[in-house]
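Following: one structure in structure tokens, then a few remarks.
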Amino acid sequence: LCKFECDFRWCIRARVTRKTDIRNWSNKRGDGKLFSVDLMDESGEIRATAFNQECDRLYSVLQPKQVYLIRGGIIKVANRQFTSIDNDYELAFSSETQVEPCKDENVHKLPLLSFRFVKFDEIPRTNRKQLIDILGVVEKIGELEHKVARASQRELLKRDLFLIDDTKTAITLTLWGNEAENFKQHGHPIIAVKGVRISDFGGGVSLSTVGDGQIHVDPDIPEAHKLRGWF
DNA sequence: CCCCCCCC
């Protein structure tokens, strides 16, 4: 792979493990809209983003959990500050990008989910510049709270989840916006969350979600079954 | 090309 943006004739067969909503942005360089997908094949995972025309063209084509053949597009260096995906590169779809559903009978072998969990007792020593994946039992579900951001004066919705894992370490995870509002679980679900931020406010360590669509409740993965047995 | 992610 080259170190600058380039448009190779590459082809991958991969499952969509996460799809974001469409988001609009506006800054001094311009404005536009985008969505992104996380793609997984036998070798690992990579994030791909569709901007503007490609956002319109591909948003309804790419669906969560489905497998696609994807050809061509821009390969660029990933910024680990904004993803927990273990890949030095990211993709951006271009007008050259071709996407078609893959009907191959072997596609079921591609896993639905992929995580690199950090145990709670390791979080205090973990690099703050990278997002992490976490797995925990929800010991207590906080109420939905209304806040106002000091800097922007925006109204915020938040909800704290009080988690514990099998290192017997407790930690608080703060959900925001739709995720806070829509968390309607009861009892003690196990949650797996990809790409959470570590926060050091007030001397203690806590966690905060970024973005949307990444909380998996009672995921059907071996680590979750093991944690359920422990709890 | 996004990359803001907030509060105590």
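If you're wondering where the values come from, they're calculated on a predicted model, not measured in any experiment. The figures that follow rest on heavy atoms only: side chains count, while hydrogens, waters and symmetry mates do not.
For the residue pair T172(A) and D160(A), no side-chain donor N or O sits within less than 3.5 Å of a side-chain acceptor on the partner.
R116(A) and D133(A) are not joined by a salt bridge, as no carboxylate oxygen comes within less than 4.0 angstrom of a charged side-chain nitrogen. Under 4.0 Å is where a charged nitrogen must lie from a carboxylate oxygen, and between R57(A) and E54(A) at least one such pair does. With respect to D56(A) and K33(A), a salt bridge is recorded, a charged nitrogen being found less than 4.0 Å from a carboxylate O.
Applying the 4.0 Å criterion to OP1 and OP2 of dC8(B), one finds that R150(A) has a side-chain N or O inside that range. Between S208(A) and dC6(B) there is a side-chain polar atom (N or O) within less than 4.0 angstrom of OP1 or OP2. Note on R154(A): every side-chain N or O is 4.0 Å or more away from OP1 and OP2 of dC4(B). Of the side-chain N and O atoms in N27(A), none sit less than 4.0 angstrom from OP1 or OP2 of dC1(B). Applying the 4.0 Å criterion to OP1 and OP2 of dC2(B), one finds that K76(A) has every side-chain N and O outside that range.
Computed from coordinates, the F82(A) CZ to dC5(B) P distance equals 9 Å when rounded to whole Å. One interatomic measurement links the two molecules: CZ of R47(A) to C1' of dC2(B), which rounds to 11 Å at whole-angstrom precision. Protein atom CG of L207(A) is 16 Å distant from nucleotide atom C1' of dC6(B), rounded to whole Å. Atom pair F35(A):CZ and dC4(B):C1' shows a separation of 20 Å (rounding to whole Å applied). In this entry the distance linking CG of L144(A) with P of dC6(B) reads 17 Å, nearest Å. Atom P of nucleotide dC3(B) and atom CG of L34(A) are separated by 7 Å, given to the nearest angstrom. Per the geometry, CD belonging to E145(A) stands 13 Å off C1' belonging to dC6(B), to the nearest Å. When rounded to the nearest whole Å, the span between CG of D160(A) and C1' of dC5(B) equals 15 Å.
For L156(A), the side-chain atoms get nearest to dC6(B) when compared with the rest of dC8(B), dC6(B), dC1(B). Which of dC3(B), dC5(B), dC7(B) sits closest to the side chain of W25(A) comes down to dC3(B).
Comparing T209(A) and S199(A) by the nucleotide of DNA chain B that holds the closest heavy atom to each, the one mapping nearer the 5' end is T209(A).
Once the 5.5 Å centre distance and the 30° plane angle are applied, the aromatic ring of F201(A) is found stacked with the base of dC8(B).
Among the protein residues, E90(A) comes within range of the nucleic acid bases, having at least one heavy atom under 4.0 Å from a base atom.
Looking at K158(A), its side chain comes within 3.5 Å of the base of dC7(B) through a donor and an acceptor atom.
For F231(A), the ring pair (Phe, Tyr, Trp, His ring centres under 6.0 Å) partners two or more places apart in sequence, or in a different chain, are H188(A).
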